[in-house]
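Read the numbers this way: they start at 1 and go in the same order the structure lists the ligands and their atoms.
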Amino acid sequence: MIIKGFELRQVLLPLVRPFRTSFGTQHEREVLLVRAITTEGIDGWAECVAMSEPVYSPEYVAGSRDVIERFLAPTLLAAGDVRAEEVAGLLKPFLGHQMAKAALETAILDAQLKYEGVSFGSYLGATKTEIDCGVSVGIAPNVDALLEEVSTYVKAGYRRIKLKIEPGWDLEPVREVRDAWPDMPLQVDANQAYHRDDAVHLAQLDRFNLLLIEQPLNEHDVLGHAMLARQLSTPICLDESITSYEAARDAIAIEATTIINIKPGRVGGYLESVRIHDLCVENGLAVWCGGMLETGIGRAANVALAALPGFTLPGDTSASARYFSRDITEPFVMIDGRLTVPTAPGIGVEIDFDFLESITHEKSNCVKKS
Ligand code: SMG
Ligand code: MG
């Protein structure tokens, strides 16, 4: 498949409610979209999950766009005939930038699969036609507001609740939610907000029967997570630390994690995600699909990934309405706590081009240098 060029778009979508984590509050989602334009006349689409600022990971929207324009896109365009399976190898000389690389690989994969008439789910190895949905709940202004928000999600049918925590917002909110919903699958995510010497404090979460605690320590402190795992009965799940297959393999080897949150953007794409999934299955670890406040474009591919057999826990793959009043694809609607895996070729969703145009604030093209 010959890639003629890439179109990059920065779009801005307001969130239906602010989303606060230990690293800040999001009021809107700025997204970099990648369109792979091919000589076959089929376009492939993908979403780069970098955020506006480098606060969840070192990547950020303007930086991802820059590295794509300057290095990644020219390399792929110079390669001529490129299949998605070759993208990671071609981009390997450029270090890091997994989210930017993932977006390019995914856009090419979408075009390739559309051309071949194969859905993302079939290609990746999905075994389910629908997936269980969880929801990630931000840090609230107070416990009453949190209970109110959680209650709307419980009523909507979500099958698992994840609470964002940080020092000063942990034991009390978790206790209140656990008391209100004693049987609800519940987990917490600290986004690196604690330190090794918080082990005794964090062990107090053990009494709340949590599925897991996600990324309590710094992303580089994998050994610290292994030490913490010995002091807590709540399973540790790594998110930010798992940036590749190798990172997953090593974290598993030292027992720093017994569950992994797989985010394709964080690990460089869906192909690497499948490798990590397979590694976890071989090692008896459960995985679940994380979320980065994706639009329908990124969500469609995530939902397909979450349909693989090792994804045995509900993911942060919520319905479109949890994020946006209007999405750029047909919305993902949750029925009985589940989303349906798209079956049409490629990512399997249609883009609303009029709406997309209206929310695009930057657009540029990367074309082959002759
Ligand atoms: O997509 O529902 C979603 C967000 C899930 O909590 C979520 N993501 O650390 O797992 C995480 C965060 C990262 C993004 S927060 C803006
Ligand atoms: Mg997380």
Transitive ILVMFWY cluster of V367, excluding itself - 4.5 Å side-chain cut-off | none
Donor-acceptor contacts under 3.5 Å from residues 301-314 side chains, at least two apart:
| unit_1 | atom_1 | unit_2 | atom_2 | d |
| --- | --- | --- | --- | --- |
| N302 | OD1 | Y270 | OH | 2.7 |
| N302 | ND2 | E294 | OE2 | 3.0 |

Output yes when E149 and R17 qualify as a salt bridge under the 4.0 Å nitrogen-oxygen rule, no when they do not.
-> yes
For ligand 1, note which part of N191 has a heavy atom under 4.0 Å away: side chain, backbone, both or neither.
-> side chain
Has K162 got any heavy atom lying under 4.0 angstrom from an atom of ligand 1?
-> yes
State the atoms of ligand 1, each with its element, that fall below the 4.0 Å cut-off from a heavy-atom position in E214.
-> 10 (O)
Will you find, in the side chains of N191 and T21, an N or O donor that is under 3.5 Å from an N or O acceptor?
-> no
Does a salt bridge link R249 with E246, judged by any charged N lying under 4.0 Å from a carboxylate O?
-> no
Could D327 and R299 be called an ion pair, given the rule that one side-chain N must be under 4.0 Å from one carboxylate O?
-> no
Taking only heavy atoms of D316 into account, list the atoms of ligand 1 that are under 4.0 Å away from them.
-> 1 (O), 2 (O), 5 (C), 6 (O), 7 (C)
So, are E69 and R65 salt-bridged, with charged N and O less than 4.0 Å apart?
-> yes
Other residues, nucleotides, ligands: >12 heavy atoms within 6.0 Å of E148 CD = no
Is the closest N or O pair between F19 and ligand 1 shorter than 3.5 Å?
-> no
Hey, are D170 and Y194 close enough side-chain-wise for a donor-acceptor pair under 3.5 Å?
-> yes
Which segment of K263 sits under 4.0 Å of ligand 1 when only heavy atoms are counted | side chain
Short list, please: which atoms of ligand 1 are under 4.0 Å from a heavy atom of D189?
-> 9 (O), 10 (O), 11 (C)
Y56 heavy atoms within 4.0 Å reach ligand 1 at atoms 9 (O), 13 (C)
Atom indices of ligand 1 within 4.0 angstrom of F23 heavy atoms, with elements | 15 (S)
With R178 as the cation and F208 as the aromatic partner, state whether NZ or CZ is under 6.0 Å from the six-membered ring centre and within 45° of the axis.
-> no
Take atom OH of Y60 as the centre, draw a 6.0 Å sphere, and report whether it contains more than 12 heavy atoms from other residues, nucleotides or ligands.
-> no
For the residue pair E47 and T295, confirm or rule out a side-chain donor-acceptor distance under 3.5 Å.
-> yes
What is the closest protein heavy atom to atom 1 (O) of ligand 1, and at what distance does it sit?
-> L293 N, 2.8 Å
Of all the non-hydrogen atoms in the protein, which one sits nearest to atom 14 (C) of ligand 1, and at what distance?
-> M292 SD, 3.7 Å
Atom 6 (O) of ligand 1 - nearest protein heavy atom and its distance = S136 OG, 2.7 Å
Considering only NZ, NE, NH1 and NH2 on the basic side and carboxylate oxygens on the acidic side, decide whether D239 and R266 come within less than 4.0 Å.
-> yes
Taking atom 16 (C) of ligand 1 as the reference point, the nearest protein heavy atom with its distance = M51 CE, 3.3 Å
Sequence neighbours left out, what passes salt bridge (charged side-chain N to carboxylate O under 4.0 Å, His left out) with E166? Give chain and number order.
-> R20
Hey, is ligand 1 close enough to G291 that some N/O pair sits below 3.5 Å?
-> yes
Hey, which atoms in ligand 1 end up nearer than 4.0 Å to a heavy atom of D239?
-> 9 (O), 10 (O), 11 (C)
Taken by chain and residue number, the protein N/O/S atoms under 2.8 Å from the Mg ion (ligand 2) read D189 OD2, E214 OE2, D239 OD2
Considering heavy atoms of the protein only, find what lies nearest to atom 3 (C) of ligand 1 and give residue, atom and distance to 0.1 Å.
-> Y323 OH, 3.4 Å
Report the nearest protein non-hydrogen atom to atom 12 (C) of ligand 1: residue, atom name, distance rounded to 0.1 Å.
-> K164 NZ, 3.2 Å
